[in-house]
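Since we're looking at a predicted model, the values are computed, not measured.
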Amino acid sequence: MCGIVGYIGTHQAAPVLLDGLAKLEYRGYDSAGIAVYDGEKIRTEKAVGRLKVLEELTQDGATLPGTVGIGHTRWATHGVPSDLNAHPHFNHDHSIVVVHNGIIENYLKLKKKLAGKGYEFLSETDTEVIAHMLDYYYKGDPLDAISKVMHRMEGSYGLGIMFRDHPDEVYAVRKDSPLIVGTSPEGNLIASDVPAVLKYTRDVYFLENEEIVKLTRDGLHFYNIDEEELEKEATHIDWDMNAAEKGGYEHFMLKEMHEQPKAVKDTLTPRIKNGDVVIEELGMTDEEIRTISKIFIVACGSAYH
């Protein structure tokens, strides 16, 4: 499960992002990256391996000054673990940056359309398609571009987005992938789970499907997919940090058990298309698949019990 953290406020963003991502390490990951607006441009650092590698690379965030940023820890789905495939992902001139949890089911169709319009891709990910889609529809209004892209994407996604032209804003979007918003006097945050924000606030908003939020230093604005503004109520979190990491469950094993249906669904859904099972990662023809006589499934974890 990937992790997302975003921040806009009065503190330096990079240390907040790194701290939040550290609180999400229990979700597992193979690479990490952060992007911060430094007053002139959006700068990014990405690294394969543990978050410690990124912390050392950025001197605990000191090399990326700025008070607005987004960060991500990634489990490889589309493309192997690498610096290029790690998030955040950009459009062609690094003016739009995206972090993404979930899977875009029709990304190959969208990628083909964008390639036909001259867009070039550096990674193997479905997330880079989102960055270029936003570029394609962006005409100066981030909310309008995000809405248009949401109408065209199929699958699940939690997104954190920054636009260089709007340096005092961070946007977040959710569809079938958890995303929360935290608010405090020192700034506002987005995260894919509660533990990432508890150090800074216990007042959070839970985004519902196909909702968008615009974060500024002073406030939050919520919208539906049609750009209509929404009113939402905050929830006060009473859990301690240990309970928050367990999602309110008594222990991690119980949490994993209750997450199994969603994990199975998230694994199968993007690989069932028009009634057929399509496993592109195999790289095998139908004839080669038909020659398989035995399948071994090797696993461990709470499923053992």
Side-chain angles (χ1 to χ4, degrees), residues 2-18 20-21 32-46 54 58 61 63-74 86-102 122-123 125 127-150 153 157-174 177 179-183 187-192 196-197 207 211-223:
C2 305
I4 286 177
V5 178
Y7 173 78
I8 179 169
T10 57
H11 298 306
Q12 288 295 299
V16 175
L17 300 176
L18 291 170
L21 292 176
I34 58 176
V36 177
Y37 178 75
D38 68 2
E40 295 183 1
K41 61 182 180 180
I42 300 173
R43 299 174 57 199
T44 184
E45 289 287 359
K46 305 192 282 188
L54 186 62
T58 62
T63 63
L64 291 177
T67 58
V68 185
I70 53 178
H72 190 267
T73 48
R74 174 184 187 252
H87 299 211
H89 287 283
F90 286 91
N91 63 334
H92 65 98
D93 66 355
H94 286 208
S95 62
I96 302 173
V97 60
V98 180
V99 292
H100 166 221
N101 288 353
L122 302 177
S123 75
T125 68
T127 305
E128 191 180 4
V129 172
I130 302 172
H132 290 309
M133 285 279 288
L134 287 166
D135 179 273
Y136 178 74
Y137 287 110
Y138 178 64
K139 309 300 180 193
D141 183 346
L143 186 61
D144 182 63
I146 291 169
S147 173
K148 283 184 168 65
V149 171
M150 290 173 67
M153 289 193 302
Y157 48 84
L159 305 177
I161 309 168
M162 291 167 53
F163 293 79
R164 187 180 61 200
D165 292 349
H166 295 261
D168 297 317
E169 300 169 355
V170 173
Y171 290 83
V173 178
R174 184 224 162 166
S177 185
L179 209 59
I180 65 165
V181 182
T183 181
N188 296 310
L189 306 100
I190 60 169
S192 47
V197 306
L207 285 186
E211 287 186 350
I212 308 165
V213 60
K214 177 176 74 174
L215 294 81
T216 66
R217 287 177 178 80
D218 303 320
L220 307 170
H221 300 274
F222 298 93
Y223 306 89

Problem - Euclidean distance, His166 NE2 relative to Ser95 OG, rounded to 0.5 Å - result: 10.5 Å
Practice task
Look only at the side chain of Asn91 and the backbone of Ala131, and say whether a donor-acceptor pair between them is shorter than 3.5 Å.
Solution key: no
Completion exercise
Closest non-hydrogen atoms of Ser192 and Gly3, given as atom of the first, atom of the second and distance, are OG-CA, 3.4 Å
Practice task
Any chance you could measure Thr73, atom OG1, to Ile4, atom CD1, to the nearest 0.5 Å?
Solution key: 9.0 Å
Practice task
Measure across Leu179 and Val173 and return the closest heavy-atom pair with its distance rounded to 0.1 Å.
Solution key: CD2-O, 3.3 Å
Exercise for the section: With sequence neighbours excluded, tell me which residues meet salt bridge (charged side-chain N to carboxylate O under 4.0 Å, His left out) with Asp168. Expected result: Arg217
Handout entry: Heavy-atom check, side chain of Lys46 versus side chain of Leu54, under 4.5 Å
Key = no
Exercise for the section: Tell me, please, which residues at least two apart from Asp141 pass salt bridge (charged side-chain N to carboxylate O under 4.0 Å, His left out). Expected result: none
Problem - Heavy-atom check, side chain of Leu207 versus side chain of Val181, under 4.5 Å - result: yes
Practice task
State, with a plain yes or no, whether a side-chain heavy atom of Val68 is found less than 4.5 Å away from one of Val36.
Solution key: no
Exercise for the section: Taking all non-hydrogen atoms of both residues into account, name the closest pair between Gln12 and Pro65 and its distance. Expected result: OE1-CA, 3.3 Å
Problem - Heavy-atom side-chain contact between Tyr157 and Met153 under 4.5 Å - result: yes
Practice task
State, without any angle test, whether Thr216 and Glu169 hold a side-chain donor-acceptor pair at a distance under 3.5 Å.
Solution key: no
Exercise for the section: Would you name the heavy atoms of Ala196 and Gly20 that are closest together and state the gap between them? Expected result: CB-O, 3.6 Å
Practice task
Please confirm whether the backbone N or O of Cys2 pairs with a side-chain atom of Asn101, one donor and one acceptor, at under 3.5 Å?
Solution key: yes
Exercise for the section: Check Ala35 against Ile42 and note the closest heavy-atom contact, atom names and distance. Expected result: CB-CG2, 4.0 Å
Exercise for the section: Determine, stepwise, if the pair Tyr138 / Asp165 fulfils side-chain contact (heavy atoms from CB on, under 4.5 Å). Expected result: CA-CA 11 Å; Tyr138 178 64; Asp165 292 349; 3.3 Å; yes
Exercise for the section: For the residue pair Phe163 and Tyr171, categorise the inter-ring angle as parallel (less than 30°), tilted (30 to 60°) or perpendicular (more than 60°). Expected result: perpendicular
Completion exercise
The reported gap from CG in Leu215 to CG in Asp218 (rounded to nearest 0.5 angstrom) is 11.5 Å
Exercise for the section: Can you label the angle between the His89 ring and the His87 ring as parallel, tilted or perpendicular, going by 30° and 60°? Expected result: perpendicular
Exercise for the section: Tell me, with the steps shown, if Asn188 and Thr183 meet side chain to side chain donor-acceptor pair (under 3.5 Å). Expected result: CA-CA 5 Å; Asn188 296 310; Thr183 181; 2.8 Å; yes
Completion exercise
One should read off an interatomic distance between Leu17 CG and Glu45 CD, to the nearest 0.5 angstrom, of 13.0 Å
Exercise for the section: Give the C-alpha distance, both sets of side-chain angles, the deciding distance and a yes or no for side-chain contact (heavy atoms from CB on, under 4.5 Å) between Leu64 and Asp38. Expected result: CA-CA 7 Å; Leu64 291 177; Asp38 68 2; over 6 Å; no
Problem - Student check: side-chain heavy atoms of Ile34 and Leu21 closer than 4.5 Å - result: yes
Handout entry: Nearest atoms (heavy-atom pairs only) where Thr58 meets Leu18
Key = OG1-CD1, 3.8 Å
Exercise for the section: Report yes if some heavy atom in the side chain of Ile190 is under 4.5 Å from a heavy atom in the side chain of Ile180; otherwise report no. Expected result: no
Fill in the blank from the handout: Only one of Val97, Thr127, Val98 passes side-chain contact (heavy atoms from CB on, under 4.5 Å) with Pro88, and that residue is Val97
Problem - Approximate separation, where rounding is to 0.5 Å, of Tyr37 OH and Thr67 OG1 - result: 10.0 Å
Exercise for the section: Applying side-chain contact (heavy atoms from CB on, under 4.5 Å), run through Phe90 and Ile96 and close with a yes or a no. Expected result: CA-CA 6 Å; Phe90 286 91; Ile96 302 173; over 6 Å; no
Problem - Audit row: Met150, Ile212, side-chain contact (heavy atoms from CB on, under 4.5 Å) steps and yes/no - result: CA-CA 10 Å; Met150 290 173 67; Ile212 308 165; 3.6 Å; yes
Practice task
Check whether any side-chain heavy atom of Arg174 sits under 4.5 Å from a side-chain heavy atom of Glu211, and report yes or no.
Solution key: no
Exercise for the section: Without swapping roles, check the side chain of His94 against the backbone of Thr44 for a donor-acceptor pair under 3.5 Å. Expected result: no
Practice task
Taking the side chain as every heavy atom from C-beta outward, state whether Tyr137 and Val149 have any atom pair closer than 4.5 Å.
Solution key: yes
Completion exercise
Residue set satisfying salt bridge (charged side-chain N to carboxylate O under 4.0 Å, His left out) with Asp93, at least two apart, ordered chain then number -> Arg164
